[in-house]
Amino acid sequence: MERRAFRLPGFLMLALLLAIAIVSVAVVASLPEDTAGGLVAAASLVVVVIAAGFSVVNPNEARVVQFFGRYVGTLQEAGFHWTVPFSAKRRISRRVRNFETARLKVSDADGNPVEIAAVVVWRVVDTFKASFGVDDHISYVAVQAEAAVRHLATSYPYEAHDDGRASLREGNVVSEELSTELGERVSLAGVEVLESRITHLAYAPEIAQAMLARQQASAIVGARYKIVEGAVGMVQSALERLSELEVVELDEERKAQMVANLLVVLCGDRNVQPVVNTGSLYA
């Protein structure tokens with residue numbers, strides 16, 4: 001697990017380094033040449049050891065400190081620090097990143113080929129796992145994102161034809177499930193998924209025209225259903241109103257003829273040409 005590395009203020013150690021160098025020069029200048037050599041070697045060794053521990057951490061970054069292969073800790077605070085000398089300090093970015101998958105061609109839950117792509121917003125929250133849990137945490141997130149999108153596309157249909165069934169076109173439900181699944185996949189790399197959204201969703205070109213015709217047919221049927229439903233209500237209201245006002249007495253055959261005429265007028269998709277009937281219905 002991630003832990004904080006040992007550190008001291010960098011400017012304090014830099015001042016100490018300069019002080020040691022100044023004192024060493026002054027002392028060496030006052031000593032005989034035969035004894036000054038040992039002091040110069042010791043002072044040089046101390047300077048080299050201190051200089052090897054300096055490190056700079058930028059905002060929203062971290063430094064993973066390793067001492068001869070052993071994980072020592074992580075420098076998390078931005079600034080100038082001094083830590084374990086002769087240690088490797090690997091830079092890890094904690095900035096928020098986004099990754100957009102390529103347009104993947106997969107089959108949805110109904111077996112229809114679709115094209116889908118998504119964008120994933122993520123950041124590193126555990127530098128130890130990001131450095132040592134996987135080989136390359138950036139490539140790992142990219143591969144797992146595409147795998148999660150493929151799995152999501154095969155779990156839902158492109159559009160739901162039954163009530164109560166979720167589809168890929170329902171952005172909130174699909175995005176939440178994608179974020180949850182991807183978060184579980186990349187937790188091994190110390191990565192947190194902040195958000196994921198589908199950026200492209202369409203039928204594959206080979207069936208796009210047929211599916212478009214199907215959608216248009218469904219829209220026409222739905223519109224016709226609404227028109228007929230409204231027309232029946234209007235005819236019923238007209239008959240009830242005529243009966244209440246006693247404008248005309250209609251037998252069952254005349255009512256049927258009136259209903260037929262009104263439905264033709266209300267449900268037709270073309271302008272109606274009025275015809276004046278001067279004869280009798282029973283002639």
Side-chain angles (χ1 to χ4, degrees), residues 1-7 10 55-81 83-84 87-109 114-156 166-202:
M1 297 296 292
E2 179 183 285
R3 63 175 183 268
R4 291 189 176 184
F6 166 77
R7 71 177 185 87
S55 179
V56 176
V57 181
N58 298 321
N60 284 330
E61 288 186 356
R63 294 280 182 171
V64 177
V65 182
Q66 286 181 267
F67 185 69
F68 291 98
R70 180 175 176 271
Y71 174 67
V72 176
T74 301
L75 296 174
Q76 301 177 355
E77 296 82 2
F80 184 42
H81 307 284
T83 185
V84 180
S87 58
K89 306 169 187 67
R90 179 183 177 185
R91 172 184 169 275
I92 296 291
S93 175
R94 288 179 175 268
R95 296 184 177 94
V96 176
R97 303 184 182 186
N98 55 38
F99 168 77
E100 185 173 9
T101 65
R103 292 187 179 183
L104 307 175
K105 185 177 180 181
V106 296
S107 297
D108 66 358
V114 298
E115 291 182 348
I116 187 172
V119 61
V120 179
V121 182
W122 59 278
R123 66 179 178 183
V124 174
V125 293
D126 191 322
T127 57
F128 176 80
K129 291 182 178 180
S131 300
F132 308 110
V134 294
D135 185 54
D136 185 346
H137 67 282
I138 298 178
S139 299
Y140 184 82
V141 171
V143 173
Q144 293 300 322
E146 293 190 356
V149 171
R150 287 183 180 275
H151 180 261
L152 179 73
T154 59
S155 302
Y156 291 94
S167 67
L168 294 174
R169 302 180 67 178
E170 298 180 12
N172 294 333
V173 176
V174 172
S175 297
E176 182 178 354
E177 181 168 343
L178 178 61
S179 298
T180 301
E181 180 179 351
L182 185 56
E184 295 175 354
R185 289 173 177 265
V186 299
S187 60
L188 182 63
V191 171
E192 177 188 13
V193 176
L194 302 177
E195 184 184 9
S196 60
R197 294 284 179 183
I198 293 179
T199 56
H200 175 77
L201 180 63

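Numbers here are sequence positions counted from 1. Just the heavy atoms: all of them, side chains too, but no hydrogens, waters or symmetry mates, feed the values below. A quick note: this is a predicted structure, and the numbers were derived from the prediction, not measured.
Here the side chain of Thr101 pairs a donor or acceptor atom with the backbone of Ala118 at under 3.5 angstrom. A side-chain donor-acceptor contact under 3.5 Å links Asp126 to the backbone of Lys129. Of the possible donor and acceptor atoms, none in the side chain of Ser175 sits under 3.5 Å from a partner among the backbone N and O of Arg197.
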Name the atoms and distances for all side-chain donor-acceptor pairs under 3.5 Å in residues 141-151, with sequence neighbours left out.
| from | atom 1 | to | atom 2 | distance (Å) |
| --- | --- | --- | --- | --- |
| Gln144 | OE1 | Arg185 | NH1 | 3.1 |
| His151 | ND1 | Glu181 | OE1 | 3.3 |
| His151 | ND1 | Glu181 | OE2 | 3.2 |

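Contact record, Leu75 with Ala5: CD2-CB, 4.1 Å, taken as the closest heavy-atom pair. When all heavy atoms of Ala62 and Arg94 are compared, the pair lying nearest together is CB-NE, 3.7 Å. The minimum heavy-atom distance linking Ala153 with Val106 is given by the pair CB-CG2, 3.2 Å. In terms of heavy-atom proximity, Ser87 sits nearest to Thr83 at OG-CG2, 4.3 Å.
Other residues, nucleotides and ligands place more than 12 heavy atoms under 6.0 Å from the CZ atom of Arg95. The neighbour count for Glu176 CD, taken as heavy atoms of other residues, nucleotides or ligands under 6.0 Å away, does not exceed 12.
Every residue two or more places apart in sequence or in another chain that forms a side-chain contact (heavy atoms from CB on, under 4.5 Å) with Arg103 is listed here: Ala117, His200. Annotation: ring-ring contact (aromatic ring centres under 6.0 Å, His included) contacts of Phe128 (sequence neighbours excluded): Tyr71, Phe132.
Contact check for Val191 versus Tyr140: no side-chain heavy atoms found under the 4.5 Å cut-off. In this structure the side chain of Arg97 never reaches within 4.5 angstrom of the side chain of Val124, judged on heavy atoms. You'll find the side chain of Arg63 stays beyond 4.5 Å of the side chain of Arg90, heavy atoms only. Under the 4.5 Å side-chain criterion, counting only non-hydrogen atoms from C-beta, Asn60 is not in contact with Arg123. Within the 4.5 Å cutoff, no side-chain heavy atoms of Thr74 are placed close to those of Lys89.
Note that OG of Ser187 is 10.0 Å distant from CG of Leu182, once rounded to the nearest 0.5 Å.
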Run the numbers on Val186 and His137 for side chain to side chain contact (heavy atoms under 4.5 Å, CB included), then give the verdict. CA-CA 9 Å; Val186 299; His137 67 282; over 6 Å; no

